[in-house]
Amino acid sequence: MIFCEKIVLDDVIRVLDSKEPVAVDSEWMRKVQDCYDFLKNFSSNKVIYGINTGFGPMAQWRVDDQYLTDLQYNIIRSHACGAGKPLEDKYVKAAMIARLGTVLQCRSGVHPEVVELLLAFINHDIIPFIPEHGSVGASGDLVQLAHLALCLIGEGKVHYQGQWRATAEVMGQLGLKPLKMHIREGLSITNGTSVMTGISVVNQRDAENLLDWATLASVWMNEIASSFDDLMAKEENECRRHAGQQEIARRMRALSEGSRCLQKREHALYDNGHEKEKVFEHKVQPYYSLRCVPQILGPVCETLQNARRVLEEELNSACDNPIVDPESRNIYHGGNFHGDYISLEADKVKIAMTRLAMTAERQLNYLMHDRINGILPPFLNLGVLGLNYGMQACQFTATSTTAECQTLSMPNYVHSIPNNNDNQDIVSMGTNSALLCKRVIDNAFQVMSVHFVALTQATDYLKIADKLASTSRAVYDRVRAIVPLFVEDTPFYEEIASVENYLRTQPLNLE
């Protein structure tokens, strides 16, 4: 794949999923060189932050010319002090692509070697050790990006071909030379939002996948309940002017095409023949978790659409400081490293995913609760009641995991703590927000995996597999291949994990 003029979010996701190699258009590389040349000429005999001054609150101290190269190495080595478990490979690789996107805006003034080495790391799957903790989200991800920069200069350790190895050893094996400091490479690589952005790119892929599964689960739920299909009717949803609601209803109509389980209200209730009925055996309107799916998942859909827009803009933004502008022949000092955009979107996605998990948990409760659904045995127990327990305990897992999502949904964006001698007096906590969002997404997949096992079990009890819509039936077959019909009590936590892996790796793509 050749990045040319703009980095597209779907292209990044494809690179992450397929390990497709990445290249940069030659015209873009020329502009990187031009920006470097401008900075080299412009910076002579001027005071420019991070080139001949200290960093942060120490910017008031000038650094002697003889130490300017040391200055760039020092910010990398001093800030490589994160803690916690290493980020998984996919998040680090996405962060490297995000860092590449910043450098390619040609406003950083770095030497083209930075682009070339980032490309080499990405294409060889050389994954720097970047710990989970260390960023306050302004000046971006200083600590975690310092760990990336540490590897680019040939120090630290990397994950390569399944092993943690010394960076210098891996680079030597592949014939790669460590990055040298030219003017401001140390500051530019460490300064910005690339780690929180990289994590959020992966989160976006997973969240969109979850929304598709939640939409299908909701259609399948209504098939099991023999609901009236007007809950997803075009006329019903278009009179409320929200695009997300209308989109979810459209997807539900497409997914339910051909179903022989859903009922037509005009046939069942509007025709003559009900004059003497006082109590209707079939619910005139189902519970909210079944009936209000377009209204519940619609805002989730719109939240993800906006998050996608923000992420793509961030991937194509210069997010370091200062900004080197060859066009205006000037250098601007500001705060493009501030992570508020990513932090706020991560919190919104996190809340949306919690709402999605809550809806799935309530639908699961409908399947478990015989006095509510009126058509299924307690806990989908196909054995002897009292002796066997069906999916009773599985509901505990789904409910407790959903509860954790609710706790984690407290917005992190508002948890600024001043630091850095109060130079950083308001910060975004963007990487923490992205990591908490990741945790909620992981939880939501676990809830959804239990839900799909339950949907499959309910389908078998009712013997309606042949009446399901085609997509519901196809997924029923796939889940049954993982978790065969069960009557006797048996541990199947491994099967639930396998269903989760299926949901993660086999997206529906309902767009």
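Predicted model only: the values in this text are computed from it and were never measured. Below, all heavy atoms of this structure are taken into account, side chains as well, without hydrogens, waters or symmetry copies. Numbers here are sequence positions counted from 1.
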Side-chain contact, heavy-atom cut-off 4.5 Å: Tyr332 with Val324?
no
Does a donor on one side chain and an acceptor on the other come within less than 3.5 Å for His159 and Asp89?
yes
4.5 Å side-chain heavy-atom contact, Pro131 and Lys85:
no
Please identify each residue that fulfils salt bridge (charged side-chain N to carboxylate O under 4.0 Å, His left out) with Asp340, with sequence neighbours left out.
none
Between Gln457 (side chain only) and Phe452 (backbone N and O only), is there a donor and an acceptor less than 3.5 Å apart?
no
Walk me through it: do Met252 and Val293 pass the test side-chain contact (heavy atoms from CB on, under 4.5 Å)?
CA-CA 9 Å; Met252 292 181 74; Val293 171; 3.6 Å; yes
To the nearest 0.5 Å, what is the distance between CG (Leu142) and CD1 (Ile189)?
13.0 Å
Any side-chain to backbone donor/acceptor pair from Asp141 onto Ser135? Under 3.5 Å, distance only.
no
Going by atom types alone, do Thr354 and Ser409 pair a side-chain donor with an acceptor below 3.5 Å?
yes
If you measure only the distance, is there a donor-acceptor pair under 3.5 Å linking the side chains of Glu361 and Thr399?
yes
Under 4.5 Å between any side-chain heavy atoms of Tyr366 and Leu290, yes or no?
yes
Looking only at the side chains, is there a donor atom on one of Ser328 and Asp325 sitting less than 3.5 Å from an acceptor on the other?
yes
Value for CD1 (Ile130) from CG (Leu150), rounded to nearest 0.5 Å, stands at 10.5 Å
Output, in order, the C-alpha distance, side-chain angles, deciding distance and verdict of side-chain contact (heavy atoms from CB on, under 4.5 Å) for Glu495 and Val453.
CA-CA 9 Å; Glu495 287 83 355; Val453 174; over 6 Å; no
Using a 3.5 Å distance criterion without hydrogens, assess whether the side chain of Ser428 forms a donor-acceptor pair with backbone atoms of Gly430.
yes
Is there side-chain contact between Arg251 and Asp212, with at least one heavy-atom pair below 4.5 Å?
yes
Is there a salt bridge (Lys or Arg N to Asp or Glu O under 4.0 Å) between Asp17 and Lys90? Walk through the geometry before answering.
CA-CA 9 Å; Asp17 289 343; Lys90 58 187 175 182; over 6 Å; no
Is there a donor-acceptor pair under 3.5 Å between the side chain of His369 and the backbone N or O of Asn365?
no
Closest approach of Ser498 and Ile482, non-hydrogen atoms and distance?
CB-CG2, 3.5 Å
The reported gap from NE2 in His147 to CD in Gln144 (rounded to nearest 0.5 angstrom) is 7.5 Å
Taking Leu9's backbone N and O only, do any of them form a donor-acceptor pair with Glu312's side chain (distance below 3.5 Å, no angle check)?
yes
Met232 to Ser256 - nearest heavy-atom pair and separation
SD-OG, 3.4 Å
Which heavy atom of Trp213 sits nearest to which heavy atom of Gln506, and what is that distance?
CZ2-O, 3.1 Å
Taken in chain and number order and not counting sequence neighbours, the residues that satisfy side-chain contact (heavy atoms from CB on, under 4.5 Å) with Arg504 are Asp206, Asp442, Phe445, Glu500
Output yes when a side-chain donor or acceptor of Thr193 lies under 3.5 Å from a complementary backbone atom of Phe337, and no otherwise.
no
Would a 4.5 Å heavy-atom cut-off, applied to side chains only, mark Thr102 and Ser317 as touching?
no
Leu315 side, atom CG; Arg99 side, atom CZ - distance, nearest 0.5 Å:
11.5 Å
Can you check side-chain contact (heavy atoms from CB on, under 4.5 Å) on Leu100 and Val114, steps first, answer last?
CA-CA 8 Å; Leu100 181 65; Val114 174; over 6 Å; no
Measuring only between side-chain heavy atoms, which start at C-beta, is Phe129 closer than 4.5 Å to Thr167?
no
What pair of heavy atoms forms the shortest contact from Cys106 to Lys31, and how long is it?
SG-CB, 3.4 Å
Are Trp61 and Phe55 an aromatic pair, judged by ring center distance below 6.0 Å?
no
Could you note down all residue pairs passing side-chain hydrogen bond (donor to acceptor under 3.5 Å, both in side chains) where residues 117-130 supplies at least one of them, sequence neighbours left out?
Lys93-Asp125
Less than 4.5 Å apart, side chain to side chain, heavy atoms only: is that true for Leu435 and Leu87?
yes
Does Tyr341 OH have over 12 foreign heavy atoms under 6.0 Å away?
no
Heavy-atom closest pair (Glu302 atom, Ala243 atom, distance to 0.1 Å) is OE2-N, 3.5 Å
With no hydrogens and no angle check, is any side-chain donor or acceptor of Trp28 less than 3.5 Å from a backbone partner on Leu104?
yes
Between Gln204 (side chain only) and Leu304 (backbone N and O only), is there a donor and an acceptor less than 3.5 Å apart?
yes
Give the minimum heavy-atom separation between Leu364 and Ala454, together with the two atoms involved.
CD1-CB, 3.4 Å
Asp10 and Arg308: CA distance, side-chain angles, deciding distance, salt bridge (Lys or Arg N to Asp or Glu O under 4.0 Å) verdict
CA-CA 10 Å; Asp10 286 337; Arg308 169 177 276 267; 2.9 Å; yes
To the nearest 0.5 Å, how far apart are CD in Gln406 and CE in Met358?
4.5 Å
Are Asp320 and Leu187 side-chain neighbours, meaning at least one heavy-atom pair lies under 4.5 Å?
no
Any chance the side chains of Trp220 and Thr459 put a donor and an acceptor closer than 3.5 Å?
yes
In sequence, state the C-alpha distance, the side-chain angles, and the governing distance for Lys6 and Glu313, and then conclude on salt bridge (Lys or Arg N to Asp or Glu O under 4.0 Å).
CA-CA 10 Å; Lys6 181 180 180 181; Glu313 289 174 350; over 6 Å; no
Take Glu345 and Ser200 through the test side chain to side chain donor-acceptor pair (under 3.5 Å) and record every step on the way to the result.
CA-CA 9 Å; Glu345 291 307 311; Ser200 295; over 6 Å; no
Can you confirm whether Ile426 is buried at CD1, in the sense that more than 12 heavy atoms of other residues, nucleotides or ligands lie under 6.0 Å from that atom?
no
Contacts of Arg362 meeting salt bridge (charged side-chain N to carboxylate O under 4.0 Å, His left out) (sequence neighbours excluded), chain-then-number -> none
Is it true that a side-chain atom of Gln105 and a backbone atom of Ala318 form a donor plus acceptor pair closer than 3.5 Å?
no
Which salt bridge (charged side-chain N to carboxylate O under 4.0 Å, His left out) pairs, counting each pair once, include a residue from residues 391-415, with sequence neighbours left out?
Glu404-Arg439
Nearest-0.5 Å distance that lies between atom CG in Leu255 and atom CG in Leu508
7.5 Å
Heavy-atom donor-acceptor pair, Thr53 side chain to Gly50 backbone, under 3.5 Å
yes
Does the pair Lys438 and Glu132 meet the rule for a salt bridge (Lys or Arg N to Asp or Glu O under 4.0 Å), with working shown?
CA-CA 12 Å; Lys438 169 194 176 297; Glu132 286 185 340; 5.7 Å; no
Checking Tyr73 now: which residues fulfil ring-ring contact (aromatic ring centres under 6.0 Å, His included) with it, not counting sequence neighbours?
none
